[in-house]
Every structure is written in C-alpha cells, then in structure tokens.
Chemist: 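Have a look at the structure that comes next, please.
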Protein chains: 2
Amino acid sequence: MFTKACEYAIRAVLIITMKGKEEQKLSIQHIAKEIDSPLPFTAKILQTLSREGLVASVKGPNGGFYIDPKAKPVSLSQIVKAMEEENVLNTCALGLKECSDTQPCPIHHQVKAYKQKLKHVLQEKTIQMLAKELNEGKTFLRISKKRKK
Amino acid sequence: MFTKACEYAIRAVLIITMKGKEEQKLSIQHIAKEIDSPLPFTAKILQTLSREGLVASVKGPNGGFYIDPKAKPVSLSQIVKAMEEENVLNTCALGLKECSDTQPCPIHHQVKAYKQKLKHVLQEKTIQMLAKELNEGKTFLRISKKRKK
DNA sequence: TTAATAAAGGATATTTTTATCCTTTATTAT
DNA sequence: ATAATAAAGGATAAAAATATCCTTTATTAA
Ligand code: FES
Ligand code: FES
C-alpha cells in the first residue's frame, strides 16, 4: 500500500509524538531503534519530515526531534503527501492512465469504495489520535513474540 | 496496489479472454498494443501466465495466446498469485512484521475491513465475468480522450 | 524437408526504491 | 573561543522492479 519510506515516516512521527518532548528530544538513533528501521534511511526521511514542518528538530548536543506542542495536529495524509505518495489512492488499480467513473476499468467499482474510505481515514486520523491509542496499549508499533498460553 | 507486472498480467488475460479464440490466437504484439504495455516485458509476463496454465499458448505460424474454453474460469486472485503478489493484502499497512488482530498496528482496524473486502473481490471475480462487462461496454481497458459535449 | 513464424527462455540493461557514507552546519557545554 | 554533538545535505551503493535483447524451441505452411 505504502512504500517503505512512507511506512517508516508514519512510524517515526508516531514515536516522536509519543516520546519526544521539547526538553527530551529523540535522536535519529533512538527513533530508528524504536521503529526497527535502517538508521541512515530513517535519517533521510526525518530530513524530509523536518523540512516539511511535520516534526521539529534541533541540531547539536541534546538535539533531536520532537513535536511542537502548539503546532496543529498532523494527519496521516499530510505525511503521505510529504513522502509524495498522495496519489496511491487516486490512480487506477489496473494501471489505466486515469481512474474515472465515466470510463471505469473492470475493477473500478469494486475498489472505489475501498479507496474512498481509506482516503477518508488518512484525512481524519491524526498522529495524535493514533499515538494516544498506542500509549493506551490498544495498538502496537512492534510485534513482540509472546509464547502462547 | 499491484505492481506493473501484475497490472499488465490482469489486463493481458482480460484481452486474451475477450479476443483470443483457439482458431484466432492473439500474438504478443497484438496483446501489448491492446493493453498499451511494453512489448518485451509483456512477453515475460505472458511466459509466466502460460507456465502457470492461466492462458494457453501455441508457438509457430498462426500461434499465439488464447483461453481454453473447457478450462475452469480464472479468478483475479489466481493471476495475482501467479505474479507472486498474493501477500499484498495480507501484510501490515505500516510494515510491521505481522498483521494481526491481537497486536494491531495503529491503523490495522481502519484498513482491515477494506483489505478483506478486496481479497473477497479478487477471489470471487473471474476474468470471464469482467470480460463480459468489457464486451458489453460497461467497463474499459483504455481511456479514450473524447471531447466534452 | 525447408523456411518462416511465434512463443520460451536466458542474459542483460535501465530505472526506481532502498540504503549507506561522508562532509557541512548549527547548537551546546566546557 | 573550542571541542563535542547531532541533524542537514550531498554523493554513492545496493537491491528490486521494470524493460530490452538475443538465442532456442516448437509449429506450420510451402
Ligand atoms: S479506473 Fe481502474 S480503479 Fe478506477
Ligand atoms: S497490523 Fe498493520 S494492518 Fe494489520
């Protein structure tokens, strides 16, 4: 559905939102470890997110990434857009040059509802909402192998 | 959603189903032109589809591809599987190592229903059904630029 | 039986995505 | 001021996906 870059981006912003405070910023090392992603690639992605203003960053000792508490909540679609994947849900599932209701491909009608709902989720869900559920232990960012029973 | 290879595969089988008869087989050239895909890449894909038994082929003069009328209808998921993309809808949208209800990622619940629906579509819809709608002019495999009004 | 045809198969090339490395810049603590 | 630290940025490398080319094999028509 998303590229690795976009997956890492979403996971990174989630971790930064959960654990990054202005007085206790998160280093790239810390973030990559938490979301289990390749460090240098994650650094690149954080550069982009920082440039786009979706996360705040400070260089130097005790520097790192955090979320400005007075910034507007960030939606999933903002991250997807920052990673230049805004069109994942606008293009034809069979690769036709356009996805349209008037000249639908053979599976257009079957996938349309799905794509729209998902688009809606990306627009409505903010990182803050998802971070809250993570903090409450309702959702997870890593799979922990726990033995059955 | 799918790779180019898978998109071309589905489109190719659709065209072969619509236009390929045992007495009037379709050449690679013809197929690639119809579905507007790069010819040599399409040839590779047709090799795979033929090897997997999803289309029939004959070499030599008047050879080409066709669908054995007494073969079982082919579902979309059979094609997706032949192209080794069966896991597109089984993996976690955020790239976690597993997609599970017990350790759901932050968007698992939001995407689960749609993944299942789509999986169902791929399993139930056969190429024959889709080819019929194409023949009836209800759906399209190419976008024709028609002037408005 | 030979020549022509068309897919099959193998090897290679290109592009995109993913990942790494190194140098520069900003910030902080000393 | 100086040294240490950490992100930013640029250049490069590796892997995967996409695409092309060439040789072989099967089939058919002449
Ligand atoms: S035209 Fe193919 S998904 Fe809309
Ligand atoms: S765990 Fe992420 S989609 Fe199911």
Side-chain angles (χ1 to χ4, degrees), chain A residues 1-13 16 20 22-33 35-68 80 82-85 87-88 91 95, chain B residues 1-13 16 20 22-33 35-68 80 82-85 87-88 91 95:
Chain A
M1 178 168 173
F2 300 119
T3 61
K4 284 287 162 203
C6 194
E7 289 174 0
Y8 297 152
I10 294 171
R11 279 151 60 192
V13 181
I16 296 168
E22 187 148 11
E23 63 279 14
Q24 179 75 44
K25 306 180 195 76
L26 290 194
S27 68
I28 294 175
Q29 285 76 4
H30 191 112
I31 294 165
K33 198 171 181 193
I35 69 173
D36 191 26
S37 63
L39 192 144
F41 193 37
T42 307
K44 278 285 132 186
I45 291 161
L46 288 169
Q47 268 179 37
T48 304
L49 294 171
S50 174
R51 216 181 310 113
E52 297 287 324
L54 300 182
V55 300
S57 74
V58 185
K59 293 180 182 176
N62 304 317
F65 297 86
Y66 66 101
I67 301 290
D68 182 350
V80 174
M83 304 311 291
E84 301 191 321
E85 287 178 42
N87 284 323
V88 261
T91 52
Chain B
M1 178 168 174
F2 301 118
T3 61
K4 284 285 161 202
C6 194
E7 289 174 0
Y8 297 152
I10 295 171
R11 277 150 61 189
V13 181
I16 296 168
E22 187 148 11
E23 63 280 13
Q24 179 75 45
K25 306 179 197 75
L26 291 194
S27 69
I28 293 174
Q29 285 75 4
H30 191 113
I31 294 165
K33 197 170 181 194
I35 69 172
D36 190 26
S37 62
L39 193 145
F41 193 36
T42 306
K44 279 285 132 185
I45 291 160
L46 289 168
Q47 267 179 38
T48 304
L49 293 171
S50 174
R51 216 181 308 115
E52 298 287 324
L54 300 183
V55 301
S57 73
V58 185
K59 294 179 182 178
N62 303 316
F65 297 86
Y66 65 101
I67 301 291
D68 182 349
V80 174
M83 303 311 291
E84 302 191 322
E85 288 179 42
N87 285 324
V88 263
T91 53

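Proteins get letters first, then strands, A, B, ... in listed order; numbering begins at 1 in each.
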Chemist: With a sphere of 6.0 Å drawn around CD of Glu84(B), does it hold more than 12 non-hydrogen atoms of other residues, nucleotides or ligands?
Modeler: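 Check fails, neighbour count at 12 or below.
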Chemist: Give every pair of a protein N or O atom and an N or O atom of nucleotides 19-23 of chain C that lie under 3.5 Å apart, one pair per line with the distance.
Modeler:
residue : atom : partner : partner atom : Å
dA19(C) : OP2  : Tyr8(A) : OH           : 3.3

Chemist: To the nearest Å, give me how far apart CD (Glu7(A)) and C1' (dT17(C)) are.
Modeler: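 It works out to 13 Å between those atoms.
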Chemist: If I take atom CD from residue Glu7(B) and atom CE from residue Met83(B), how far apart are they, to the nearest 0.5 angstrom?
Modeler: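 Interatomic distance, Glu7(B) CD to Met83(B) CE, rounded to 0.5 Å: 11.0 Å.
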Chemist: Looking only at side-chain atoms of Pro61(B), point me to the closest of dT25(C), dT27(D), dG9(C).
Modeler: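 Comparing dT25(C), dT27(D), dG9(C) against the side chain of Pro61(B), the answer is dT27(D).
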Chemist: Nearest-Å distance, CD (Glu23(B)) to P (dT27(D))?
Modeler: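 My rounded result for the distance is 19 Å.
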Chemist: Roughly how far, to the nearest 0.5 Å, is the NZ atom of Lys33(B) from the CD1 atom of Ile35(B)?
Modeler: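 Separation between the atoms: 13.5 Å.
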Chemist: When the distance from NZ of Lys25(B) to P of dT28(D) is rounded to whole Å, what number comes out?
Modeler: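 Spelled out: NZ on Lys25(B) to P on dT28(D) is 7 Å.
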Chemist: Is there side-chain contact between Lys25(A) and Val58(A), with heavy atoms separated by less than 4.5 Å?
Modeler: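 Side-chain contact under 4.5 Å: yes.
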Chemist: Closer than 4.0 Å, any side-chain N/O of Ser57(B) to the OP1 or OP2 of dA6(C)?
Modeler: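 It does not, given that no N or O in the side chain of Ser57(B) lies less than 4.0 Å from OP1 or OP2 of dA6(C).
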Chemist: Looking for any heavy atom pair under 4.0 Å, which part of the strands does Leu26(A) touch: base, sugar-phosphate only, or nothing?
Modeler: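 Sugar-phosphate, no base atom in range.
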Chemist: Think Arg51(B) has a side-chain N or O under 4.0 angstrom from the OP1 or OP2 of dA7(C)?
Modeler: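 The answer is no; no side-chain N or O of Arg51(B) sits under 4.0 Å from OP1 or OP2.
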Chemist: Would you say Asn62(A) places a side-chain N or O within less than 4.0 Å of OP1 or OP2 belonging to dT27(C)?
Modeler: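 For Asn62(A), the contact criterion (side-chain N or O under 4.0 Å from OP1 or OP2 of dT27(C)) is not met.
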Chemist: Tell me the interatomic distance from Ile35(B), atom CD1, to dA19(D), atom C1', rounded to whole angstroms.
Modeler: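 Between C1' of dA19(D) and CD1 of Ile35(B): 14 Å.
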Chemist: Write down the distance between CD1 (Ile31(B)) and P (dA7(C)), rounded to a whole number of angstrom.
Modeler: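 Checked: the CD1 to P distance equals 7 Å.
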Chemist: Nearest whole Å is fine: how far is dA8(C) C1' from Gln47(B) CD?
Modeler: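 In whole Å, dA8(C) C1' lies 5 Å from Gln47(B) CD.
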Chemist: Looking at Ser50(B), does any N or O in its side chain come under 4.0 Å of the phosphate oxygens OP1/OP2 on dA8(C)?
Modeler: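 For dA8(C), OP1/OP2 do have a side-chain N/O of Ser50(B) under 4.0 Å.
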Chemist: Counting only pairs under 3.5 Å, give me each side-chain donor-acceptor contact of residues 39-57 of chain B, with atom names and distances, residues two or more places apart or in other chains.
Modeler:
residue  : atom : partner  : partner atom : Å
Thr42(B) : OG1  : Ser37(B) : OG           : 2.6
Thr42(B) : OG1  : Pro38(B) : O            : 2.6
Thr48(B) : OG1  : Lys44(B) : O            : 3.3
Ser50(B) : OG   : Ser57(B) : OG           : 3.2

Chemist: For Glu84(B) and dA17(D), what is the distance between atoms CD and P respectively, to the nearest whole Å?
Modeler: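 Result: 10 Å.
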